[in-house]
Amino acid sequence: MAEENSRSKKTIPPYMKAISGSLGGIVEASCLQPIDVIKTRLQLDRAGAYKGIAHCGSTIVNNEGVRALWKGLTPFATHLTLKYALRMGSNAVFQTAFKDSETGKLSPQGRLMAGFGAGVLEALVIVTPFEVVKIRLQQQRGLSPELLRYKGPVHCARMIVREEGILGLWAGASPTVMRNGTNQAAMFTAKNAFDTILWKKHEGDGKVLHPWQSMISGFLAGTAGPICTGPFDVVKTRLMAQSKSVGELKYRGMFHAIATIHAEEGLRALWKGLIPRLMRIPPGQAIMWAVADQITGFYERTYLTNAPL
C-alpha cells in the first residue's frame, strides 16, 4: 500500500514536460506557419486590401511567391520551441507550488493560477521579442531582397535595438501578457478536463493516450482562448508592427490602441484575424499535444508506474 501511495504521488518532472513541449513546437511550426502569416497580414490590413483568408493567401503567393507564406519561419519555429519548453516546464513547477502540501492534489484554482503564471512568464521572456521580429518580417511586402527593410531575423532584431532601443523588442508587452496568461490558464485547465472527461486519463496513472485522442483534447482546449483574447492579439500585433524610426507612433499603448481601433474601424476590427487564429491555434495545440503526450506518456509508463510497454 505504501509503495502504491508513493507511486500515486509521483509526477512527471518539469524537464520532461519542457522537452515534450519543445519537440511538439517544432512539428507545429513547420505545419502551420502559412496560416500565421495570413493572420498577421489580415490584422495589419487597415485599408481592406484583402477580401478574406483565401484572397489574402492567393495575393501573397501571386505577388511574392509561395515561399512568402513561410516568412518569419526561423524566429517563429525558434520562438515556438523555446516558448513551449518554458510554458510546459514552468507550468509543472507552478502546479507543484500550488498543490496541497498534505494531499498532493491540485485544485481547479491552482491549475488556473499555474497556467496564468506560465503564460505571463513565456510572454515576457520569449513571446514578445520573438513576435516583434516575426511581425516586422511578415509585414514586409515585395520580392526583391534589396528593397526589404529587414534582411532577416538577426538583422531585424539589430535594427530594432539600434533605432528604438532594447525595449523596442518588447513593444506590445502588456497585451501579450494578458493574452498569453489568459490563454494558458484556460488551455491547461481545459486540456486536463477533456482528458479526464473524454478518456479517463489522469497524470501518473500510466495510461498513454493515442495521438488522435491527444489531438481531440488539444484541439478543444485551444478553441476558447482565441475568442476571449482576440482584442489583445490585434492590439499586440499593431503595437509590435509600428516603428519609432518611421515617424510618430499611431498607438501610445494597449488601452489607447483598443480605443483608437474601435473608433476608427469599429468593434469587429478588434477580432480581425480571428478565423485564421482559430485555423492555427486549435490545430497547433492538437499537433503539439499529440507529440508531447506521447513523450510524457512513455515516461509515465516507464518510470512512474513500471507498466509493460
Side-chain angles (χ1 to χ4, degrees), residues 11-39 69-70 73 76-92 95 111 114-115 118-119 122 126-127 130 180 183-227 229 275-305 307-309:
T11 57
I12 300 170
Y15 75 87
M16 279 304 303
K17 294 285 187 71
I19 292 172
S20 70
S22 64
L23 294 176
I26 292 173
V27 179
E28 177 187 342
S30 301
C31 295
L32 300 178
Q33 174 69 0
I35 297 176
D36 192 72
V37 171
I38 292 172
K39 181 213 76 169
L69 290 173
W70 275 267
L73 177 60
F76 184 54
T78 306
H79 147 242
L80 270 189
T81 302
L82 296 176
K83 178 178 73 174
Y84 282 139
L86 180 61
R87 175 190 298 176
M88 302 288 278
S90 63
N91 182 69
Q95 284 191 356
R111 193 176 299 278
E122 73 178 18
I126 294 174
V127 175
F130 273 94
N180 283 58
N183 265 339
Q184 301 332 312
M187 190 272 293
F188 279 110
T189 302
K191 176 62 167 59
N192 179 76
F194 285 124
D195 281 351
T196 302
I197 295 170
L198 296 177
W199 323 119
K200 311 300 181 186
K201 163 66 183 170
H202 302 275
E203 182 175 321
D205 62 6
K207 181 178 181 179
V208 181
L209 296 178
H210 295 293
W212 65 268
Q213 292 175 314
S214 298
M215 293 184 79
I216 290 175
S217 293
F219 186 94
L220 293 174
T223 56
I227 297 173
T229 62
I275 293 178
R277 279 192 82 203
L278 289 173
M279 290 175 62
R280 193 195 73 75
I281 293 178
Q285 290 301 297
I287 294 169
M288 191 280 294
W289 282 110
V291 176
D293 279 352
Q294 290 301 302
I295 296 171
T296 55
F298 177 84
Y299 184 92
E300 281 189 28
R301 296 187 65 179
T302 306
Y303 298 104
L304 300 189
T305 63
L309 293 176

State, to 0.1 Å, how close [X] and [Y] come at their nearest heavy-atom pair, and which atoms those are.
X: Ala292; Y: Gly21; result: CB-N, 4.5 Å
X: Gly297; Y: Val208; result: O-CG2, 3.3 Å
X: Ser214; Y: Ala290; result: CB-CA, 3.8 Å
X: Pro226; Y: Arg277; result: O-NH1, 3.3 Å
X: Arg87; Y: Ser90; result: O-OG, 3.3 Å
X: Gly115; Y: Gln184; result: O-CB, 3.1 Å

For the atom pair [atom1] ([X]) and [atom2] ([Y]), what is the distance rounded to the nearest 0.5 Å?
X: Thr223; Y: Leu278; atom1: OG1; atom2: CG; result: 7.5 Å
X: Trp289; Y: Tyr84; atom1: CH2; atom2: OH; result: 9.5 Å
X: Asn192; Y: Ile197; atom1: CG; atom2: CD1; result: 9.0 Å
X: Ile281; Y: Thr229; atom1: CD1; atom2: OG1; result: 6.5 Å
X: Ile126; Y: Leu80; atom1: CD1; atom2: CG; result: 10.0 Å
X: Phe130; Y: Thr81; atom1: CZ; atom2: OG1; result: 9.5 Å

Phe194/Ile216 under side-chain contact (heavy atoms from CB on, under 4.5 Å): CA gap, chis, key distance, verdict: CA-CA 9 Å; Phe194 285 124; Ile216 290 175; over 6 Å; no

Test ring pair (Phe, Tyr, Trp, His ring centres under 6.0 Å) applied to Tyr299 - qualifying residues, sequence neighbours left out: Tyr303

Pair up each side-chain donor or acceptor in residues 13-20 with any protein partner under 3.5 Å, not counting sequence neighbours, and list the distances.
residue, atom, partner, partner atom, Å
Lys17, NZ, Glu203, OE1, 3.4
Ser20, OG, Met16, O, 3.4
Ser20, OG, Lys17, O, 2.8

Pairing residues for Ala186 by the side chain to side chain contact (heavy atoms under 4.5 Å, CB included) criterion, not counting sequence neighbours: none

Contact list for residues 278-295, test salt bridge (Lys or Arg N to Asp or Glu O under 4.0 Å), sequence neighbours left out: Glu28-Arg280, Asp36-Arg280, Lys191-Asp293

side-chain contact (heavy atoms from CB on, under 4.5 Å) evaluation trace for Gln33 with Leu69: CA-CA 7 Å; Gln33 174 69 0; Leu69 290 173; over 6 Å; no

Any Thr196 side-chain heavy atom under 4.5 Å of His202 side chain: yes

Atom CD1 of Ile275 with >12 non-hydrogen neighbours under 6.0 angstrom: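 Incorrect, the count does not exceed 12.
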
Audit row: Ile12, Glu300, side-chain contact (heavy atoms from CB on, under 4.5 Å) steps and yes/no: CA-CA 7 Å; Ile12 300 170; Glu300 281 189 28; 3.3 Å; yes

With sequence neighbours excluded, residues passing side-chain hydrogen bond (donor to acceptor under 3.5 Å, both in side chains) with Lys83: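 Lys83 satisfies side-chain hydrogen bond (donor to acceptor under 3.5 Å, both in side chains) with no other residue.
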
Contacts of Trp199 that satisfy side-chain hydrogen bond (donor to acceptor under 3.5 Å, both in side chains) - sequence neighbours left out: Ser217

Any donor-acceptor pair under 3.5 Å from Gln294 side chain to Leu209 backbone: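 A pair under 3.5 Å: yes.
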
